[in-house]
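Proteins come first, then strands; the chains are lettered A, B, ... in the order of their sequence lines, and each starts at number 1.
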Amino acid sequence: MPPAAAAAAAAEAGGQPPALLTVEHLTMRFGGLVAVDDVSFAAPDAGITAIIGPNGAGKTTVFNCLTGFYKPSVGRLTLSHPRRGPLYLERMEGFRIPQVAGVARTFQNVRLFAGMSVLENLIVAQHNELMRASVFSLAGLLGLGRYRRAEAKAVERARYWLDRVGLTARADWDAGNLPYGEQRRLEIARAMCSRPVLLCLDEPAAGLNPRESSDLNRLLIGIRDDHRIGILLIEHDMSVVMGISDKIVVLDHGRLIAEGEPRQVRADPAVIRAYLGEDEDEDLPPEVARDLARDAGSA
Amino acid sequence: MRAVAAERAGSSSWLWGGLKEAALQALVALILAVPLIGLKTVQEPGGLGLQTRWDAVAIAVAGVFAGRLLLVIVRRWWPQRPRGAQSPAGAARIRGFVRLLGPVAIAFALLLPFLPFADRYVLDVSILVLTYVMLGWGLNIVVGLAGLLDLGYVAFYAVGAYSYALFASNFGLSFWACLPIAGALAATFGILLGFPVLRLRGDYLAIVTLGFGEMIRVILINWSSLTNGPRGISGIPRPDFFGVPFNPSPAPDASAFHTLFGIAYSPIQRVIFLYYLILALALLTNFFTMRIRKLPVGRAWEALREDEIACRSLGINPTNTKLTAFAIGAMFAGFAGSFFATRQGFISPESFTFLESAIILAIVVLGGMGSQVGIVIAALVLIGGPELVRELEDYRMLAFGGLMVLIMVWRPRGLLAFREPTIRLSTFDRAARARGEASGTVPVP
Amino acid sequence: MEYFLQQLINGLTLGAIYGLIAIGYTMVYGIIGMINFAHGEVYMIGAFISLITFLVLGMVGVGWLPLALLIVLASAMFFTAVYGWVLERVAYRPLRQSPRLAALISAIGMSIFLQNYVQVAQGARVKPLPPLIGGGVNLMEREGFVVQLSYLQIIIIVLTIALMVTFSLLINHTRLGRAQRACQEDLKMAALVGINVDRTISMTFVIGAALAAVAGMLVTLYYGVIDFFIGFLAGIKAFTAAVLGGIGSLPGAMLGGVLIGLIEVFWSAYFTIEYKDVAAFSILVLVLIFRPTGLLGRPEVEKV
């Protein structure tokens with residue numbers, strides 16, 4: 001049995017939810033530089049998995065491999081799609097990953113369709129469904145009711161997400177004119193409009209103030225609970241990571257150094273060393289030791 | 001006292017600065033003018049000789065000096081608006097202007113042949129302008145909507161023209177039968193030429209499509225067995241009114257246009273028919289564009305233009321989207337080409353140079369990408385304008401090139417650059433309510 | 001074999017000329033990321049100015065050839081450089097912050113303007129020049145076919161090499177060259193560290209124009225006839241050469257130029273002359289499809 005299926009079976013037997021995404025031996029080389037070195041982890045379905053690590057650890061590279069922007073040098077990326085069975089992302093052409101596997105993503109530097117309106121951004125996200133419903137737009141060209149109904153449904157879905165992220169009042173604004181925080185929310189709403197099974201967020205909390213971050217937490221938890229999809233996020237903001245993650249994966253210098261629940265990862269000495277610096281003889285700084293003791297006590 | 005003196009000095013220092021600026025520019029103009037304007041090569045019996053034209057140099061230098069000074073003075077009174085995005089009030093005004101202008105322009109165009117000043121010349125110019133408007137609207141699909149820089153659009157125009165010429169001459173098919181064939185062939189070429197260039201961006205795409213345009217022209221010149229080479233194809237069937245010819249003196253039992261309608265024959269009847277034909281074709285292009293923008297394909301084009309990477313991340317196939325844009329844009333050029341062939345009765349490779357592609361692209365960009373009305377205005381300015389000054393034949397292209405540079409430097413985003421959204425939540429709700437459909441229900445997405 | 005050698009020599013010569021023009025394209029593209037559409041016309045202007053200077057010298061009575069060549073070279077480089085400088089100030093600098101398409105249209109407009117400017121100012125007919133530099137070295141002779149390396153060809157190749165060396169030194173060892181390379185990497189950052197970006201860009205255009213002027217002079221001597229349209233075709237081929245060699249790379253431009261020259265000459269010699277221009281365009285398409293960074297360019301990784 002292939003390893004991913006074996007792991008899934010083992011997980012189910014052990015009473016754990018099956019992994020939505022299984023990354024095995026992912027390696028990415030750019031010429032002589034090894035950006036990601038033999039990384040393996042699993043992300044659960046209906047759960048939030050955070051990938052953290054110091055800058056340059058290879059987090060965005062992993063994302064780009066998962067979402068079809070890089071072809072991995074080595075590795076197997078298995079997405080256990082609820083309806084389509086196991087799909088191997090490393091073999092799929094870039095745009096097919098969102099189209100067939102249902103993996104949506106947001107970007108570190110927000111990539112909206114700035115010249116189009118907020119509503120249009122959300123409608124474009126439903127492109128594939130609308131193309132199917134309109135027979136590649138022909139039904140629309142001929143003015144058939146079929147397309148009108150499909151478009152109405154698309155608008156309804158857009159409206160739902162506008163509501164969810166609080167942008168209904170700005171639906172007709174140009175996306176480029178939104179303030180930064182709202183642009184980020186729009187990007188998430190747009191990704192959700194494409195009906196993904198795995199939502200990948202690249203630093204969704206970057207540049208958000210604490211109130212916006214906690215709104216983001218609420219949004220993501222809501223998405224997880226109401227829509228039962230997997231969420232994978234790269235983040236530096238620990239309030240977000242610790243606040244909502246079901247699982248954390250830690251990368252450093254392209255390698256996986258820890259994987260597990262937030263509590264475990266937080267106390268993992270390898271993780272602490274990665275963030276605070278490499279000096280084995282040195283004791284932990286007293287503040288950090290105090291924090292850890294407090295967390296261990298309160299957990 | 002000192003303050004007043006300083007102010008007075010300050011108030012004239014701008015003039016002094018302006019004079020210095022103008023003098024400097026005049027000096028540069030002198031350097032530029034001396035070799036190429038001041039000394040003209042002339043054909044003499046023994047070879048090439050030189051003719052001096054210092055008067056022309058003096059005019060050029062004086063012109064630059066005066067022009068610059070004028071600009072400085074004008075800027076003093078009307079300071080330049082800071083470059084950047086348009087103010088919302090300005091955008092709203094343009095939007096209102098455009099919404100009003102559209103229907104008015106169409107009404108005017110429909111009535112034109114019956115207006116008192118519409119003689120043969122006016123109609124000919126109008127037909128020319130409308131042809132370029134259609135080509136501009138067609139290229140707009142590729143450049144304005146999908147954001148693909150096509151500098152070889154004339155190739156599809158040529159394919160359409162030659163298709164019509166060959167099918168009509170050799171197989172006797174009518175214009176209406178040839179039209180879809182020409183469109184299909186042009187679309188096929190669009191896919192063929194588009195396929196290799198899909199991964200290219202920006203200027204690279206421009207140069208390669210330019211190269212393709214030139215290649216097609218070279219092939220047209222050299223493949224004499226098919227295209228009759230540089231001599232072109234003549235004797236192309238002229239248009240008829242849905243099977244009824246525009247014959248001044250038909251045989252007793254044959255029909256002709258004027259006998260059908262019981263009016264006297266006039267050569268202008270065919271011209272009027274051609275005018276309405278191109279108007280119909282152009283309006284077809286326009287309506288198609290406006291419609292497809294609201295469909296998934298059109299929205300995908302615009303999204304592709306905005307951010308291709310984001311498109312890929314939403315599962316949109318960039319290759320197919322681009323090819324569709326190329327093909328459909330090419331199709332309309334093919335239609336326009338067929339019209340061109342039947343209007344002229346004669347075509348040759350010389351009509352399909354890179355300059356044509358450049359003119360059409362200029363119309364699209366000068367008009368304001370994506371702006372249908374802007375393209376009409378740009379066509380009127382760029383095509384109609386020089387027609388009015390036909391006497392200065394030599395200086396026409398010179399003025400054309402200069403105009404392109406000037407308009408771009410003055411208004412980089414085009415004359416009427418704004419984008420009408422394809423759907424508004426408020427309008428959508430209203431329309432749905434009017435149709436009696438329920439809205440606002442929250443589905444399980 | 002002799003025929004092949006002769007074509008090789010001819011191809012290298014033509015390639016050197018293309019290379020000189022290509023350098024202008026590659027430098028401008030490297031620094032401001034746009035194709036200087038009017039560069040072909042700048043080359044054409046260089047050719048015309050060379051021609052006119054020759055005629056002036058002839059009228060004034062400067063007979064000694066090496067002196068005449070030097071004067072023509074200086075004159076062509078100077079005047080063409082001014083044209084290049086004005087071109088950048090008028091058509092490109094105002095549009096540096098504007099959408100790419102605006103600069104492209106401006107460039108095309110400038111190209112049309114310059115072409116017609118010369119046509120109006122000098123007349124539309126071709127301009128012939130009697131051959132000034134004749135003779136050459138016979139390298140080989142067999143069965144009546146002589147492989148000749150003409151003195152003119154020697155001059156062209158030697159001059160090109162000299163210019164290449166000079167400008168390589170310029171780029172790598174002077175402040176201007178460093179500034180140029182910095183601007184090529186990151187324009188905004190270069191401005192922030194105090195480089196006068198405007199002046200660097202101007203200099204780039206000026207140098208490119210000067211080199212194109214040299215090419216223009218050489219072409220006038222080599223082919224003996226010029227007209228206002230030579231810029232368009234040479235421009236496309238030179239740009240193809242720049243892309244083939246790797247845009248942004250000076251040695252790449254020269255390498256690309258030589259390759260394009262060789263391809264064009266061999267194609268005309270062994271296949272058919274009518275489609276030789278198509279051969280150049282086809283090379284461009286193939287290179288851009290299969291190796292868009294060219295032979296000596298650096299592969300670009302997509303930044304997401």
- Item | B/L355, part contacting chain C, at a heavy-atom distance under 4.5 Å | side chain

- Evaluate whether atom CZ of C/F228 has more than 12 neighbouring non-hydrogen atoms of other residues, nucleotides or ligands under 6.0 angstrom away. yes

- What part of B/A206 gets closer than 4.5 Å to chain C, counting heavy atoms only: side chain, backbone, both or neither? side chain

- B/A58: partners by side-chain contact (heavy atoms from CB on, under 4.5 Å), with sequence neighbours left out: none

- Specify the closest pair of heavy atoms between B/A358 and C/I112, including all atoms of both residues, with the distance to one decimal. CB-CD1, 4.4 Å

- If you count the non-hydrogen atoms of other residues, nucleotides and ligands that lie under 6.0 Å from CH2 in B/W54, is the total more than 12? yes

- Other residues, nucleotides, ligands: >12 heavy atoms within 6.0 Å of C/R125 CZ: no

- Most chain C-contacting option - heavy-atom pairs closer than 4.5 Å, from B/I207, B/V218, B/V208: B/I207

- Heavy-atom distances under 4.5 Å only: say whether C/M59 touches chain B with side chain, backbone, both or neither. side chain

- Do you know which two heavy atoms are closest between B/V405 and C/S106, and how far apart they sit? CG2-O, 3.5 Å

- Task: Starting at OG1 of B/T41, measure out to CG of C/L51 and round the result to the nearest 0.5 Å.
- Result: 6.0 Å

- Check each atom of B/L366 against the heavy atoms of chain C and say whether the ones under 4.5 Å are side chain, backbone, both or neither. side chain

Can you give each donor-acceptor pair under 3.5 Å made by side-chain atoms of residues 283-290 of chain C, sequence neighbours left out, with the distance rounded to 0.1 Å?
none

- Item | Minimal non-hydrogen separation, C/P99 against B/P412, with atom names | CG-O, 4.4 Å

- Message: At a heavy-atom distance under 4.5 Å, which candidate from C/G123, C/G58, C/P128 has the highest pair count against chain B?
- Response: C/P128

- CD/C/Q119 to CE/B/M397 distance, rounded to the nearest 0.5 angstrom? 9.5 Å

- For the atom pair CD (B/Q51) and CD (C/Q122), what is the distance rounded to the nearest 0.5 Å? 10.0 Å

- Message: Checking the side chain of C/Y83 only, and the main-chain atoms of B/L32 only, is there a donor and an acceptor separated by less than 3.5 Å?
- Response: yes

- Shortest non-hydrogen contact from C/I52 to B/L50? O-CD1, 3.9 Å

- From the list C/L114, C/T240, C/I105, the residue making the most non-hydrogen contacts under 4.5 Å with chain B is C/I105

- Message: Under the salt bridge (Lys or Arg N to Asp or Glu O under 4.0 Å) definition, can you give me all pairs with a residue in residues 26-36 of chain C, not counting sequence neighbours?
- Response: none

- Measure the CE-CG distance between B/M404 and C/L104 for me, rounded to the nearest 0.5 Å. 8.5 Å

- Heavy-atom proximity to chain B below 4.5 Å, by part of C/R93: neither

- Query: With side chains defined as the heavy atoms from C-beta onward, is the minimum distance between B/V143 and C/L101 less than 4.5 Å?
  - Reply: yes

- Message: Sort by residue number and list every residue of residues 210-217 of chain B having at least one heavy atom under 4.5 Å from chain C.
- Response: B/L210, B/G211, B/F212, B/E214, B/M215

- Looking only at non-hydrogen atoms, find the nearest pair between C/F79 and B/P35 and report the distance. CD2-CG, 3.6 Å

- Note on the structure: Bottom line for B/L398: the part with an atom under 4.5 Å from chain C's heavy atoms is both

- Message: What's the separation between atom CG in B/L39 and atom OG1 in C/T53, rounded to the nearest 0.5 Å?
- Response: 8.5 Å

- Query: How about B/Y204 and C/Y29: are their ring centres within less than 6.0 Å of each other?
  - Reply: yes

- Task: Test B/F400 against C/N116 for side chain to side chain contact (heavy atoms under 4.5 Å, CB included), laying out the working first.
- Result: CA-CA 10 Å; B/F400 184 80; C/N116 284 277; over 6 Å; no

- Item | Note, B/L151 side chain near C/I108 side chain (heavy atom, < 4.5 Å) | yes

- Looking only at atom types and distance, does a side-chain atom of B/R53 sit under 3.5 Å from a main-chain N or O of C/A121, one as donor and one as acceptor? yes

- Query: Which answer fits C/V86, side chain, backbone, both or neither, if we ask what part of it has an atom under 4.5 Å from a heavy atom of chain B?
  - Reply: side chain

- Is chain B contacted by the side chain of C/V243, its backbone, both, or neither, given a heavy-atom distance below 4.5 Å? side chain

